[in-house]
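One structure is given here, and the rest of the page talks about it.
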There are 2 protein chains.
Amino acid sequence: MNPDYLARLQRYMNGIIGQKPEQWEPFISAFEYAEYPKKSFLIREGEVENYLYFILEGGTSSFFVNEGREKCLDLWFADHFVSSYMSFLTRKPSQIFIQALFPTKTLRIPHQVLQELYARRDESNKVGRLLAEGLYIARTQREIQFLSQTAEERYLDLMRKQPALIQQLPVKTVASYLGIHPESLSRIRKQVMP
Amino acid sequence: MNPDYLARLQRYMNGIIGQKPEQWEPFISAFEYAEYPKKSFLIREGEVENYLYFILEGGTSSFFVNEGREKCLDLWFADHFVSSYMSFLTRKPSQIFIQALFPTKTLRIPHQVLQELYARRDESNKVGRLLAEGLYIARTQREIQFLSQTAEERYLDLMRKQPALIQQLPVKTVASYLGIHPESLSRIRKQVMP
DNA sequence: CGCCGAGTTGAACTGAATCAAGAAACGTGG
DNA sequence: CCACGTTTCTTGATTCAGTTCAACTCGGCG
């Protein structure tokens, strides 16, 4: 494993919990390296999520399948955590798939190891707290956006905030992320372009 | 204040973090009692959320207003925590209102006090972690439901899981919670009833 | 009594889904 | 490196869930 990888995670931890290495050091050393080829799954529906992943390179889509259609919950890229977090927390089968959108390199921590850390070192709960808080905020922002904007507005927003993302991902992935079908995104693009 | 109220919070904490009073005792004693008349606001859009509330009696609606329409994010009742949690965490103005649906009694903890607790007692982060995790799960479940069910399915689901709620709340509140307009709920009820 | 907000009903409208068909891009194996 | 089959993308025609706007009813309350 590239030694720079742990440094990446350290830098991220520094950013969210501050300059107290003793708080995140045991946390960081509990991670293991794992790679996922493009289109492979970090987890499938029905499995119990055993890992929390920190993305080093690449990106993932979290989605569930309803009546044969993929419904994307979120996309995550380098320097973010991803997991079927509900399954990870509840130890129940995952309702979602997480799939690598590109060849993806991660550091991951097993559930068991994290739980032991929480139990053994009170201060490690701070990491877990900040993690859950961050995920909560992301979820809530997205829900507010879905309730207040049309598909076209969400698309324009995405173009403004993450233009690279629209270039790199297939239309069907972007459409699913926007909560619409590929045909609709196709029309929106035609509408918006000229 | 009714002394039973602290016991209520204690029982709840016991349920989520287990039988270690020393973990939640300093937490619980930091709460103060507060009442909200029906239709009053725990917080309004634009204000920074200063409290995390534990509901003793009554209930609340969390909503934002978009183009003059109320969009409900969640409803909470006795023995649950509520807050404009995104504002509480980020210290930025709240995007949402929280309004008492009935005369509502709460125990609330000020942001500052909770932060000091987090900083001074590592183990109190566990409470914060479990709280954020629980809120994350609720948000995610709701998002999955919105992406996979029609309004009628969501209504039938609510009837099955929370029939009392439909009785006690005005149609417009239930409609907003279901993500539709009162007219639409009216039609769905007619459709479903006979 | 009369008002006023809450709920219902109707008719027209709209954003997005659905179904179908064709064109373009992709990747896989020969 | 090309050929072939499979996805992916686009476009069109149609349908549908839910909105919008407007009118009307009902029940409580000053």
Side-chain angles (χ1 to χ4, degrees), chain A residues 37-41 59 61 63-72 75 97 99-103 142-143 145-159 165-194, chain B residues 37-40 61 63-72 75 99-103 142-159 165-194:
Chain A
K38 182 171 179 174
K39 296 200 178 178
S40 68
F41 291 91
S61 168
F63 62 88
F64 64 96
V65 177
N66 182 253
E67 295 175 2
R69 304 277 189 165
E70 293 186 9
K71 308 277 183 174
C72 182
L75 304 174
F97 298 81
Q99 187 173 30
L101 297 168
F102 316 103
R142 189 168 154 86
E143 195 169 331
Q145 186 175 44
F146 266 77
L147 288 172
S148 56
Q149 295 187 333
T150 64
E152 183 173 326
E153 289 168 333
R154 296 198 296 278
Y155 175 70
L156 291 171
D157 226 54
L158 187 64
M159 267 188 83
L165 196 147
I166 295 179
Q167 311 294 322
Q168 290 166 23
L169 296 176
V171 167
K172 64 168 231 163
T173 304
V174 175
S176 180
Y177 178 68
L178 292 172
I180 58 178
H181 289 209
E183 298 95 319
S184 299
L185 179 52
S186 208
R187 284 179 240 281
I188 288 173
R189 299 177 79 165
K190 193 165 58 165
Q191 183 81 15
V192 162
M193 272 300 286
Chain B
K38 182 171 177 174
K39 296 200 178 174
S40 69
S61 168
F63 61 88
F64 64 95
V65 177
N66 182 252
E67 294 174 3
R69 304 277 190 165
E70 293 187 9
K71 308 277 182 174
C72 182
L75 304 175
Q99 187 173 30
L101 296 168
F102 315 103
R142 189 167 154 86
E143 193 168 332
I144 289 177
Q145 187 176 42
F146 266 78
L147 289 172
S148 56
Q149 295 187 333
T150 64
E152 182 173 327
E153 290 169 333
R154 295 198 297 277
Y155 174 69
L156 291 171
D157 226 55
L158 187 64
M159 268 190 83
L165 196 145
I166 295 179
Q167 310 294 321
Q168 290 165 23
L169 296 176
V171 167
K172 63 170 231 167
T173 305
V174 175
S176 180
Y177 178 68
L178 291 172
I180 57 179
H181 289 209
E183 299 94 319
S184 298
L185 179 52
S186 206
R187 285 180 239 280
I188 288 173
R189 299 177 80 163
K190 192 166 60 163
Q191 183 81 14
V192 161
M193 273 299 287

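Letters A, B, ... mirror the listed sequences (proteins, then strands); counts begin at 1.
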- prompt: Which distance, rounded to the nearest 0.5 Å, do you find between the CG of A:Leu101 and the CG of A:Leu165?
  reply: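 Reported to 0.5 Å precision, the distance equals 8.5 Å.
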task: With rounding to the nearest 0.5 Å, note down the distance linking CG in B:Leu75 to CZ in B:Phe63.
output: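 One finds 11.0 Å between CG of B:Leu75 and CZ of B:Phe63.
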Donor-acceptor contact below 3.5 Å, side chain A:Ser176 vs main chain A:Glu70: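 Pair found, side chain donor or acceptor close to backbone of A:Glu70.
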task: For the pair A:Arg154 (side chain) and A:Gln149 (backbone), establish whether a donor and an acceptor sit closer than 3.5 Å, ignoring hydrogens and angles.
output: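 Looks like yes, one N/O pair under 3.5 Å.
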- request: Would you classify B:Pro170 as touching base, sugar-phosphate or nothing, given that sugar-phosphate means primed atoms plus P, OP1 and OP2, and contacts are heavy atoms under 4.0 Å?
  value: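 The residue B:Pro170 makes sugar-phosphate contact but no base contact.
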task: Summarise how protein sits on nucleotides 15-30 of chain D as a single string, 5' to 3': B when a protein heavy atom is under 4.0 Å from the base, S for sugar-phosphate-only contact, - for no contact.
output: ---SBBB---------
task: Given side chain to side chain contact (heavy atoms under 4.5 Å, CB included), test B:Leu178 with B:Ile188 step by step and report yes or no.
output: CA-CA 11 Å; B:Leu178 291 172; B:Ile188 288 173; over 6 Å; no
Length of the line joining B:Leu101:CG and C:dA6:C1', which is rounded to integer Å: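 Nearest whole value for this atom pair: 16 Å.
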- request: Round to a whole Å and report the spacing from NZ of A:Lys38 to C1' of D:dT8.
  value: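 For the pair A:Lys38 NZ and D:dT8 C1', the rounded distance is 12 Å.
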query: For the helix from C:dC1-D:dG30 to C:dG30-D:dC1, how many degrees between its two end axes (five pairs per end), to the nearest 10°?
result: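 The end-segment axes of the helix from C:dC1-D:dG30 to C:dG30-D:dC1 are tilted 40° relative to each other.
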Distance below 4.0 Å between B:Lys190 side-chain N/O and C:dG10 OP1 or OP2: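 For B:Lys190, the contact criterion (side-chain N or O under 4.0 Å from OP1 or OP2 of C:dG10) is met.
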query: Under 4.0 Å: is that the gap between some side-chain N or O of A:Lys39 and OP1 or OP2 of C:dC26?
result: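 For A:Lys39, the contact criterion (side-chain N or O under 4.0 Å from OP1 or OP2 of C:dC26) is not met.
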- prompt: Taking the side chain of B:Val171 as heavy atoms from C-beta outward, which of D:dT10, C:dG7, D:dC9 is closest to it?
  reply: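 Minimum distance to the B:Val171 side chain belongs to C:dG7.
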query: What residues, two or more places apart in sequence or in another chain, satisfy salt bridge (Lys or Arg N to Asp or Glu O under 4.0 Å) together with A:Glu143?
result: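 For A:Glu143 the salt bridge (Lys or Arg N to Asp or Glu O under 4.0 Å) partners, ignoring immediate neighbours, are B:Arg139, B:Arg142.
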